[in-house]
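A short worksheet on the structure shown next.
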Amino acid sequence: MEINFNKNNDGLVPAIIQDALTKNVLMLGFMNEEAYRKTVDTKKVTFFSRTKKRLWTKGEESGNFLNLVDIKNDCDKDTLLITVDPVGPTCHKGDDTCWAQNNAQTFGFLTELENVIQNRKENQDDSKSYVASLFRKGINKVAQKVGEEAVEVVIEAKDDNEKLFLDESADLLFHYLILLQAKGYKLNDIVEVLKDRH
């Protein structure tokens with residue numbers, strides 16, 4: 001990999017650290033050529049500490065290592081994107097990230113939808129909420145709705161109306177998310193099972 005360590009007078013390039021699984025940015029550090037080589041050799045992310053004026057392997061004191069997964073160079077060959085498998089919190093203050101964010105895996109809009117469903121589950125007295133009404137009716141009704149939607153997806157899959165197929169697929173996924181929470185689970189629990197099987 002060609003990295004332009006000479007672009008800046010100090011011989012350092014920024015290294016953006018990203019969790020390989022969650023895709024969250026964990027921290028920003030700086031590497032010189034020696035830190036880069038040590039990272040590649042040891043598979044533990046190593047920086048050049050501008051404060052300590054020496055190489056510094058993240059976790060060397062705390063045990064919260066950043067295990068190397070991959071390194072990519074940007075288009076100008078002067079900034080690294082390093083994906084890692086973090087061991088423990090990344091920030092020296094004990095936070096998951098240096099921006100005090102939780103390094104949880106999210107699924108974009110589906111996570112937002114899960115949060116809405118969770119809110120409806122916690123506030124089942126909302127008489128205007130369809131989701132709250134399903135939770136009030138209990139697990140049998142929720143499971144029945146998933147079964148009904150699954151049958152409708154199968155029926156639409158055999159026809160040529162793509163819009164109806166997508167609509168029914170959305171209904172199935174929506175009701176499945178409700179069922180998961182009715183059972184006390186979330187999408188991430190299913191992802192963990194799939195990862196174990198992979």
Side-chain angles (χ1 to χ4, degrees), residues 1-119 170 173-174 176-177 180-181 185-198:
M1 178 183 304
E2 182 185 343
I3 304 169
N4 186 356
F5 289 104
N6 298 317
K7 185 165 187 176
N8 299 312
N9 293 335
D10 55 11
L12 301 176
V13 297
I16 301 163
I17 308 302
Q18 180 185 46
D19 188 301
L21 178 64
T22 67
K23 305 304 179 193
N24 292 324
V25 174
L26 304 177
M27 67 172 288
L28 172 69
F30 293 88
M31 287 185 169
N32 60 11
E33 190 167 0
E34 188 180 2
Y36 167 75
R37 298 246 176 259
K38 185 171 181 183
T39 296
V40 171
D41 291 344
T42 65
K43 306 297 186 220
K44 305 269 187 229
V45 176
T46 299
F47 302 102
F48 181 82
S49 170
R50 295 169 299 165
T51 307
K52 300 173 184 175
K53 305 290 187 214
R54 66 171 177 83
L55 293 188
W56 165 65
T57 299
K58 175 72 178 85
E60 65 187 25
E61 294 173 11
S62 67
N64 296 331
F65 292 102
L66 298 172
N67 295 317
L68 179 65
V69 173
D70 190 32
I71 301 178
K72 289 184 173 48
N73 204 355
D74 79 339
C75 56
D76 292 326
K77 300 184 181 349
D78 63 358
T79 302
L80 301 174
L81 177 62
I82 302 177
T83 51
V84 300
D85 178 15
V87 177
T90 297
C91 183
H92 70 284
K93 293 183 175 180
D95 294 315
D96 285 352
T97 78
C98 289
W99 292 270
Q101 293 177 312
N102 185 10
N103 186 26
Q105 184 168 8
T106 61
F107 304 96
F109 174 73
L110 291 179
T111 297
E112 290 179 41
L113 188 56
E114 274 193 321
N115 292 337
V116 170
I117 292 168
Q118 181 175 349
N119 180 272
L173 180 55
F174 176 67
Y176 179 64
L177 292 174
L180 278 177
Q181 290 208 28
Y185 297 105
K186 289 201 168 185
L187 268 178
N188 198 53
D189 297 301
I190 305 306
V191 168
E192 290 302 316
V193 172
L194 292 172
K195 280 168 43 184
D196 287 345
R197 291 179 181 177
H198 182 60

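Bear in mind the structure is a predicted one, so any value in this text is a computation, not a measurement.
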With a 3.5 Å distance limit and no angle check, can you tell me whether Gln181 reaches the backbone of Glu114 through a side-chain donor-acceptor pair?
yes
Is the number of heavy atoms from other residues, nucleotides or ligands within 6.0 Å of CD (Glu34) greater than 12?
no
Compare every heavy atom of Asn8 with every heavy atom of Leu12, then report the nearest pair and how far apart it is.
O-ND2, 3.1 Å
Do Asp196 side-chain atoms and Val193 backbone N/O form a donor-acceptor pair below 3.5 Å?
no
So if I apply the side chain to side chain contact (heavy atoms under 4.5 Å, CB included) rule between Thr79 and each of Val13, Asn73, Asp74, which one comes out positive?
Asp74
Contact between Tyr36 and Ile71 at the side-chain level, heavy atoms closer than 4.5 Å - yes or no?
yes
Has Lys72 got more than 12 heavy atoms of other residues, nucleotides or ligands less than 6.0 Å from its NZ?
no
Nearest heavy-atom contact between Asn32 and Phe48 is ND2-CD1, 3.4 Å
Leu113 versus Phe107: any side-chain heavy-atom pair under 4.5 Å?
no
Do Pro14 and Leu28 touch side chain to side chain, with heavy atoms closer than 4.5 Å?
yes
dist Thr97:OG1 -> Asp19:CG (nearest 0.5 Å) comes out at 10.5 Å
Do Asp76 and Asn4 touch side chain to side chain, with heavy atoms closer than 4.5 Å?
no
Do Ile17 and Phe47 pass the side-chain contact (heavy atoms from CB on, under 4.5 Å) test, and can you show the C-alpha distance, the side-chain angles, and the key distance before you say yes or no?
CA-CA 11 Å; Ile17 308 302; Phe47 302 102; 3.8 Å; yes
Can you tell me if OH on Tyr185 sees more than 12 non-hydrogen neighbours from other groups inside 6.0 Å?
no
I'd like to check Phe65 versus Thr42 (side-chain heavy atoms, cut-off strictly below 4.5 Å). Are they in contact?
no
So, taking the atom named CG in Leu187 and the one named CG in Leu173, what distance separates them when rounded to the nearest 0.5 Å?
7.0 Å
Shortest non-hydrogen contact from Gly94 to Pro89?
O-CB, 3.4 Å
Above 12 or not: heavy atoms from other molecules or residues under 6.0 Å from CZ of Arg50?
no
Report the distance from atom CG of Asn24 to atom CG of Asp96, rounding to the nearest 0.5 Å.
9.0 Å
So does Lys38 pair up with Glu60, basic N to acidic O under 4.0 Å?
no
Could you state the interatomic distance from CG (Leu180) to CD1 (Ile190), rounded to the nearest 0.5 Å?
5.0 Å
Would you say Thr57's side chain and Thr46's backbone share a donor-acceptor pair under 3.5 angstrom?
no
Do Met31 and Ile82 have side chains that approach each other closer than 4.5 Å (heavy atoms only, starting at C-beta)?
yes
Run the numbers on Val40 and Met1 for side-chain contact (heavy atoms from CB on, under 4.5 Å), then give the verdict.
CA-CA 11 Å; Val40 171; Met1 178 183 304; over 6 Å; no
Check whether any side-chain heavy atom of Asp85 lies under 4.5 Å from a side-chain heavy atom of Leu21, and answer yes or no.
no
To the nearest 0.5 Å, how far apart are CG in Asn103 and CD in Gln18?
10.0 Å
Take atom NZ of Lys93 as the centre, draw a 6.0 Å sphere, and report whether it contains more than 12 heavy atoms from other residues, nucleotides or ligands.
no
Any non-hydrogen side-chain atom of Val84 less than 4.5 Å from a side-chain atom of Lys58?
no
Taking atom CG of Leu110 and atom CD1 of Ile117, what is their separation to the nearest 0.5 Å?
9.0 Å
